[in-house]
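Keep in mind that this is a model prediction, so the values were computed, not measured. All ligand and atom numbering here is 1-based and tracks the order in the structure.
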Amino acid sequence: MNAPTRADTTWSVVEDGWNPERANYFETIFTVGNGRLGTRGSLEERHTGALPGTFVAGVYDAYDSPVIDLVNAPDWLDTEVFFDGVRLDTESARVVEHRRELDLRCGVLHRETVFEVPDGARVRVRTERFASTADRDLCCLRIEVSCLDRAGSVTVRTGVDGHRRNLERLPTYREATAFGYERKWDKWARSTHLVSAGSGFVDGVGVLSSRTIDSGIELAYALACTAEGGRRRQRSRHDAVEVEWGFQAGVGETVRVDKLVGIATSRDYRALDPPRERAVDTVVRAGGFDAAAAANRAAWERVWAEADCEVVGNDRVTQALRFAIYHLIIAADPDDPTVSIGAKSLSGEGYRGHVFWDTEVMLLPFFLFTQPRAARALLGYRHHTLPGAREVAADNGTGGARYAWESADTGREECPQYTPDGKDRFYTREEELHVTADVAYAIMRYASVTGDEDYLFGEGAEILFETARFWVGRCEPDGDSLVIRTVMGPDEFHSHVDNNAFTNKLVHWHLHQAAEVYARLARERPERLRELADSIGLEDGEPGQWLATADRLRAPTDPDCGVIEQFDGYFEREVVPIVEWDDNDMPLYPAGYNHFNCETTSLLKQPDVVMLMHLLPDEYSVATRRENYEFYEQRTVHKSSLSPSIHAIVGLQVGDSRTAERYFGRSAFVDLDDNQGNTEEGIHIASAAGTWQVATHGFGGFRASADGLHFAPALPPSWERLRFSVHWRGRTVRADLGHRDARFELIGAGPAEQIEVWGSPVTLEPGTPVEVEAP
Ligand code: IFM
């Protein structure tokens, strides 16, 4: 087994020593996955207070829970180790040493724990686990046990545990009641989503099948275990299969058990064979742990060749960037266009696995420029769930399609109306309409960066037209203008507002884009247009209606429009100054204020007008962007993890590098430093993507438009160089940016590529590095 290297700190994250109070944090940080599934970094044998979980993308269930959950699926880690009958866990034995290291380079979590049993003998347990990126149906665990002081009997029991529950809600206790780590999760009510659908062994391979109760998805796990020597027993019960190995081990001797688990579900994209057969086939064809590990390493190598982002001169920042990229990679499945990424990826139960606008505005750029196949798959989810979006529109009395604020498997609205304790009402479900325009924005970004016209004129056009119809129905007349009433913009402190600038402007943009795509289709692919028009009943006059609606809609369009009012009446809201900052230098709520009572104030939870300027920078002059940034920055408390990175990027665009570095830090370390205090619930995946955006788009000054790539680096003083790659029209451009110079290389055959660096044109010939001096 490859022991933890302790070498390059930029490629790993380490836990040194055992602290149960920190365990839930490491469970999130150490999630292993492959986009199809994610498994939290819990100890294989668990501990009191553990919050384990395996989540399979797209496997949702609503049974027994008022809000649909991403199902906490059967646990493939489930392992116990005994030495002379003593269970080796953090409570039954003394932990002498404990170290875990997540190898970001290949997505492998290494563990080494030395336990001391009551008579003083020490036993070392080493494990290595990964969810394969080479075969997304495969998970692997190697367990090694070494008797350090004396001979004894070693028992390793390992299997698949189907008895899983999701957290439901914490019942109401007296105010300020706090439970220690041991009881904290025990106190929660739980939801049941799985029932057993059979278990047993065939030719030494265990199979456990479970079914989600409401959504009826079958999950089949196949378990294959091997070891050298030892006595093997196998057992199955209705919700588990397991293998037990008994060894007699001498002093200094190490025993090893390898475990391969194949996971298949009845909802897997384009899979025809029954899940049980596919799960068994996965472990049979894997060819053993070492072969699976080598294939996984090779797959990761290919991914990093496109996705790495490195800051020379600042290892801590490089580690944070690689950590963010690692979590982004394990969140997306390029092979499945029916799933998207939940707000906590596949790393925890936070937000119940629901999908928000985060995917389109925060995550998409990373995938667009490093893994366009994954970007395409993520957009596929919005087409897959278009029928659900049509239902949401119909339920709210309009035609067309309106995307849900929170969606799961079908695209129907899944956003809860109340906080889990039932005390406070959310209006996001009814009012954050902007998600529909955000989806349109993502479609156009994808099409312009990739040039994928088959997509644009296919699924893309269908979504653009159906969602444009929704806006036509939702806008209301007000004199000669049209208005959009009773909404919430990205800033979730203000509900029931009229004419939110972000929403109105993006709707205006969306309607124009839809009309333009229609016109292009009519010119370039008339048969496709006819086919699409027939299938969605589109009338010839509708695009004219979209334009007329856009043009009557109240929206700030003037590039020199000064400070844009966030919504009608915003300027009259009480100005409550931010006067205190926390240890991370981030604003604290002014005394007496909290999430639910900022409505009457001008405080912002997260960027709204500033977010608009981030998405559509070319629509506003730099002077207008600066004015708005300065105005709103003072009022923003950043109570969303989406917030700091956007402020960093826009701040840099308008020349504010002082705040940009601070905001970058807040975004980059949100999970590594747990600076919001809730990393245990899952990774802030939007923030991970925002971190990548600040590095590349912000400090790297990288921008892509239909006319090509632009770079205008302006690195923080503590960074020597910034290196990253971007995928551009089927090839890769490697950028190595310094303070005074920048180097580029175009990888991939074909014609030369013209890029722009610090405002001047530069020609890249394939395979020939080019160096540019800063002006
Ligand atoms: O989508 C975000 C929203 O903008 C702020 N609250 C959290 C959501 C999920 O990340």
Side-chain angles (χ1 to χ4, degrees), residues 28 67-70 324 327-328 331 340-366 378 381-382 403-408 413-420 424-439 441-442 487-495 497 500 502-503 506 566 586 589 594-596 598 603-612 614-615 632 636-647 649 666-667 670-671 675-691 693:
T28 296
V67 181
I68 195 166
D69 281 320
L70 181 65
H327 276 283
L328 287 162
S340 186
I341 300 175
K344 300 285 183 181
S345 64
L346 297 167
S347 66
E349 292 187 29
Y351 288 115
R352 296 173 183 262
H354 294 181
V355 176
F356 294 70
W357 70 319
D358 304 25
T359 306
E360 282 72 26
V361 297
M362 301 296 294
L363 303 170
L364 195 78
F366 168 79
L378 291 171
Y381 169 79
R382 292 301 187 178
Y403 282 100
W405 178 242
E406 294 186 24
S407 65
E413 185 59 79
E414 308 293 359
C415 179
Q417 287 182 317
Y418 289 89
T419 49
D424 292 291
R425 173 79 159 87
F426 291 128
Y427 291 96
T428 52
R429 173 190 181 103
E430 292 86 357
E431 298 187 359
E432 278 207 61
L433 302 184
H434 64 85
V435 56
T436 295
D438 306 328
V439 171
Y441 175 83
V487 297
M488 188 187 275
D491 160 36
E492 295 174 341
F493 281 171
H494 297 98
S495 42
V497 304
N500 166 250
F502 178 97
T503 308
L506 227 61
Q566 187 176 307
M586 296 306 288
Y589 280 111
N594 61 53
H595 185 99
F596 294 99
C598 293
L603 290 168
L604 271 62
K605 178 182 175 193
Q606 61 197 95
D608 199 299
V609 170
V610 170
M611 181 57 117
L612 171 62
H614 168 64
L615 296 185
Y632 284 108
T636 307
V637 290
H638 305 287
K639 295 301 170 191
S640 161
S641 68
L642 279 63
S643 189
S645 55
I646 302 306
H647 272 79
I649 297 169
R666 171 70 184 210
S667 180
V670 66
D671 287 315
N675 66 23
Q676 291 210 166
N678 61 354
T679 292
E680 62 191 19
E681 293 168 16
I683 288 289
H684 295 87
I685 199 67
S687 187
T691 299
Q693 285 198 49

Pairwise, report which nitrogen or oxygen atoms of ligand 1 are under 3.5 angstrom from protein nitrogen or oxygen atoms, and how far apart they are.
residue  : atom   : partner : partner atom : Å
ligand 1 : 1 (O)  : W357    : NE1          : 3.0
ligand 1 : 1 (O)  : D358    : OD1          : 2.6
ligand 1 : 4 (O)  : W357    : NE1          : 2.9
ligand 1 : 4 (O)  : Q606    : NE2          : 2.9
ligand 1 : 6 (N)  : E492    : OE1          : 3.4
ligand 1 : 10 (O) : D358    : OD2          : 2.6

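- Using cut-offs of 30° and 60° on the angle between ring planes, the pair Y351 and F356 is perpendicular.
- Between R382 and E360 there is a salt bridge, since at least one side-chain N of the basic residue sits less than 4.0 Å from a carboxylate O of the acidic one.
- A salt bridge links E492 with K605: at least one charged nitrogen is closer than 4.0 Å to a carboxylate oxygen.
- Ring-plane geometry between H638 and H647 is classed as perpendicular, the angle between the planes exceeding 60 degrees on a 0 to 90 degree scale with a lower cut at 30.
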(message) Would H684 and N678 count as a side chain to side chain contact (heavy atoms under 4.5 Å, CB included) here? Give the steps.
(response) CA-CA 9 Å; H684 295 87; N678 61 354; 2.9 Å; yes

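- Side chain of Q676 to main chain of V670: no donor-acceptor pair is present (N/O by atom type, distance under 3.5 Å, no hydrogens or angles).
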